[in-house]
Amino acid sequence: MSNRVAKELNLTEREVSYQIRYEGNVTPDTKIKFMTDGVLLKEVQKDFLLTKYSVVIIDEAHERSVYTDILIGLLSRIVPLRNKQGNRLKLIIMSATLRVEDFTENRRLFRIEPPVVKVDSRQFPVTIHFNKRTPLEDYLGEAFKKVCKIHRTLPEGGILVFVTGQQEVHTLCKKLRQTFPFEGKAEQKLKKSRRKKKESKTEILPKINLDNYSIEPVDEEAEREADDSDQEIEDNFMEGDDDVTSQLGEDLQTGGTTEPLYVLPLYSLLSKDKQSKVFDPPPKGCRLCVVATNVAETSLTIPDIKYVVDTGKVKTKFYDKVTGVSTFKITWTSKASGNQRAGRAGRTGPGHCYRLYSSAVYNDDFEKFSLAEIIRRPVDDLVLQMKYMNIDRIVNFPFPTPPDDEQVKAAETLLVSLGALTEPIKSVRMKDLKKTPITKITPLGKVMACFPVSPRYAKMLALGHQHDLLSYVVAIVAGLSVQEVFVEMQKPPDTDQEQDDFRSQIQYMSQVKKLWAGTGHSMLLGDLMVLLKAIGSAEYQGCTIEFCQKHGLRYKAMKEVRKLRAQLTNTVNMVIPDANICLDPKLKPPSDIQAKLIRQIILAGLADHVARRFPDPPPDADETLKKRKHAYQCTELDEPVFIHPFSVLYKQKPEFIVYQHIEETSKLYMKGISAIESEWLPVYAPSFCTLSKPQEDPPPSYDKSKDQIRCHMTSTFGRCCWEVPSVDLEYPANLDKYRWFARFLLEGAVVPGMKKYVTMLLSSPSTMVKSWAKLQPRTEKLLKELVAAGVDSKESLLKAWQKDPKYLLNTFCQWVPQSKHTEIEMTWPPVK
DNA sequence: GAGCACTGC
């Protein structure tokens, strides 16, 4: 875009520039900057009034992406602020006309209705054809029939078919290729045509089989005929013929054309080179037919499409607002998206769109628009970003479409548990009691907000600088943030050879994965270790296509991981002063100890994603117990969940694990598994633990290296109150902690200068922690003074002495005989 | 022993 505009304005790239996440060419001379919504959002965080700009244009606002929505909310406040300053900012929101009311009629957003400028689209007319009836189930079969019919009866022009997923894309491609074989016949024809060319040497080539096409546009009669033939086929199908394909194939081969069809798959996860085939002209004498998912609706535009076949279906990811469990469901699209799909037929000339559903279904069952993204996904990252901008009351923000309270609440709860937000402060004022309590960003939260990843991963990065682990954590987080690093789905095999190849590839992959996982702590890091090794070894080999293919890695994904690793490495170095890491293409695998520490960091980020294995049910168990075989219990869910079979820990089944997410397919499956130890829970997931009282045996102690009072405590974890064994922890902050500190101080464990008086103390230091200690004034006095100055560690004690060198002097004198008082006064404070 | 649409920091 920036290139093209620069050219048309006769300017250079220095003046018309662009900026996206990973790259840009902005210079000090830049006057017009093209950027993504996320980039502008980051700029608002740095300079709220966007003082660098005089005009902001938001394009594609109707797509309602989360960052665009938030930007519009922010800009609705920034524009008046700039006006007040006398430094005007113009805002132009560009949106497909249909949806403009979302912005213009929202009085919370724009107090005064903004003027609307309508611009007609430059589109060729597209004739819409609805099906008379809507197929109940087999929309794929219906799509197949429609493509056959178009190809058989209508003039030349590319066909674009919308289906919902890669499997469907491949299935339909295969069926179409079988029916209109391209190889063989097509090649013969091409040879023939070449021969003809040589023979006649005419300048005008006869178009292949032009006679087979009806040149007239389809009239209603033809349509009715076509529908009738549909009826016939469907009736036959209803009678119990399972294989509609073969029948259709016969029908078509005997009746109509066998003109080859050049069929291409298209979906986002497809490799770049396979995707870009759709942009090349099809071989001579062939009609192009692209079978695509939603990528072809907005992201990619295929040239020369004259016919669109729309199943009307989409596959969408859904989240459970409470549990966070995700599922994929196939539903009707929206009217807006249906029209967008139809529009794809009218880019180079008049076109036709065949909708495989009735107009009644379209009118009654289709929503006007697809739901805005912000109400369909967890918002924890957005809430953190907004709190970072000091927007504390999320509910008051002028969202074009506000996320619902449950989503926001879940996000705040998570962020509080991660330590990114303060515990909610309940207002004491009566009138505020009904309001939701405010949570504010913490210093940790501010660090986390700087990392462009999910808050859980940001927490891992914030902890990773300890023990030289940051390079590993960066690589793992980068890997986790990129979708589908491993090729786990295959297109259905076309031949026996392919089938065998797939099988051996899958076997080889699972061996490699096992090898990558290793043993010991490395193996217990589980799927994340496999990910780390995959990234490490791919980079070591220079991230070649060959290496990726051989090891079942998606090349595009690995490239993305590389870029994200670089970005995270930069950010980490900027945000964490002592980080100082570099992007090492030859990163060595972590040591056993490091792998253990990484597991602990992973737990700290996924404290709410812990699961525990159910005990194996006995042979005579009832149904509910039987369902728990190999199953896990997790904190948020009542139903049993399972380790996904792709996990390296699938067979291992460790007792305690953390998972990245749960997806519901045939079962509730956890993915991205690492094993943890239950003793770690109180340390790395403290907000989910309820601690017991400090145990008497073993007794509390003073840890010199940590300068902490330590004690043993048992605890329970989570909603289901799992018992966690006794572990050594810092003594909880309460009055008893001061008592124990006083005791260790008197025993000479804290400052060496007090050691020599231990034998002459008038009461035993242990009286400090006895319940009857109140009876003695000297214990009471010491305790009071420690509490008053907040002294419960050596560090705080030294500070208190810095302020007041006589601190505790009188009190301590009460513990030792009079004869020593002068000496003590002379050497106070007893630091050495 | 499974089965994932799409995009932005």
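Every chain is numbered from 1, with letters handed out A, B, ... down the list of sequences. All figures in this text were calculated on a predicted structure; none of them were measured in a lab.
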Indicate, with a heavy-atom threshold strictly under 4.0 Å, whether [X] touches base, sugar-phosphate, or nothing.
X       : answer
K329(A) : nothing
T68(A)  : nothing
V453(A) : nothing
E663(A) : base

Checking contacts here: which listed nucleotide ([options]) is nearest the side-chain heavy atoms of [X]?
X       : options                : result
F328(A) : dA2(B), dC9(B), dC4(B) : dC4(B)
I20(A)  : dC6(B), dG3(B), dC9(B) : dC9(B)
Q483(A) : dT7(B), dC9(B), dG1(B) : dT7(B)
S299(A) : dC4(B), dT7(B), dG3(B) : dT7(B)
Y650(A) : dC4(B), dG1(B), dG3(B) : dG1(B)

[X] [atom1] to [N] [atom2], straight-line distance once rounded to whole Å:
X       : N      : atom1 : atom2 : result
Q167(A) : dC4(B) : CD    : C1'   : 10 Å
K629(A) : dG1(B) : NZ    : C1'   : 13 Å
F34(A)  : dG8(B) : CZ    : P     : 16 Å
I330(A) : dC4(B) : CD1   : C1'   : 11 Å
Q385(A) : dG8(B) : CD    : C1'   : 12 Å
E43(A)  : dC9(B) : CD    : P     : 12 Å
K556(A) : dC4(B) : NZ    : C1'   : 14 Å
E168(A) : dC6(B) : CD    : P     : 12 Å

Query raised in the report: Got a sec? Which of residues 371-380 of chain A come in under 4.0 Å of DNA chain B, heavy atoms?
Result: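 Residues of residues 371-380 of chain A that come under 4.0 Å of DNA chain B are, in numerical order, E373(A), R377(A).
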Query - Of residues 309-317 of chain A, the positions that come close to DNA chain B - non-hydrogen atoms, cut-off under 4.0 Å - result: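 K315(A), K317(A), in order of number.
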Presence of [X] side-chain N/O under 4.0 Å of [N] phosphate oxygens OP1/OP2:
X       : N      : value
T36(A)  : dC9(B) : yes
T293(A) : dC6(B) : yes
S666(A) : dG3(B) : yes
Y267(A) : dC6(B) : no

Taking only residues two or more places apart in sequence or in another chain, which ones pass ring pair (Phe, Tyr, Trp, His ring centres under 6.0 Å) with [X]?
X       : answer
F399(A) : F397(A)
H609(A) : Y659(A)
Y267(A) : H170(A)

Query - Comparing H630(A) and Y67(A) on DNA chain B - which has the more 5′ nearest nucleotide - result: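 Taking each residue's closest nucleotide, the earlier one in sequence belongs to H630(A).
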Requested in this report: Take S454(A) and S268(A), find for each the nucleotide of DNA chain B with the closest heavy atom, and name the residue whose nucleotide sits nearer the 5' end.
Outcome: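 The residue closer to the strand's 5' end, by nearest nucleotide, is S268(A).
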Query raised in the report: Applying salt bridge (Lys or Arg N to Asp or Glu O under 4.0 Å), which residue pairs with at least one partner in residues 62-73 of chain A are found, sequence neighbours left out?
Result: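 Every salt bridge (Lys or Arg N to Asp or Glu O under 4.0 Å) pair that includes a residue of residues 62-73 of chain A, provided the two are not neighbours, is R64(A)-D69(A), R64(A)-D102(A).
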Query - N-O pairing of E412(A) and K387(A) below 4.0 Å - result: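 Looking at E412(A) and K387(A), the cut-off is met.
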Query raised in the report: With a 4.0 Å cut-off, would you call R613(A) and E655(A) a salt bridge?
Result: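 Looking at R613(A) and E655(A), the cut-off is not met.
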Query raised in the report: Once the angle between the rings of H644(A) and Y669(A) is folded into 0 to 90°, is it parallel (under 30°), tilted (30 to 60°) or perpendicular (over 60°)?
Result: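 Rings of H644(A) and Y669(A): perpendicular, over 60°.
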**Report entry** Any donor-acceptor pair under 3.5 Å from R77(A) side chain to L109(A) backbone
**Finding:**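 Yes; judged by distance alone, with no hydrogens or angles, the pair exists.
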Report task. Measure centre to centre between the rings of Y357(A) and F366(A), then say whether the value is under 6.0 Å. Result ->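 Centroid distance Y357(A)-F366(A): below 6.0 Å, so yes.
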Requested in this report: Can you check whether any acceptor in the base of dC4(B) is under 3.5 Å from a donor in the side chain of Q166(A), or vice versa?
Outcome: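 Donor-acceptor pair under 3.5 Å: no.
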Requested in this report: For Q660(A) and Y457(A), run side chain to side chain contact (heavy atoms under 4.5 Å, CB included): C-alpha distance rounded to whole Å, both residues' side-chain angles, the deciding distance at 0.1 Å, then the answer.
Outcome: CA-CA 10 Å; Q660(A) 303 302 316; Y457(A) 300 153; 2.7 Å; yes
Query raised in the report: Should R344(A) and Q340(A) count as side-chain neighbours, where that means a heavy-atom distance under 4.5 Å?
Result: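 SC-SC contact between R344(A) and Q340(A) confirmed.
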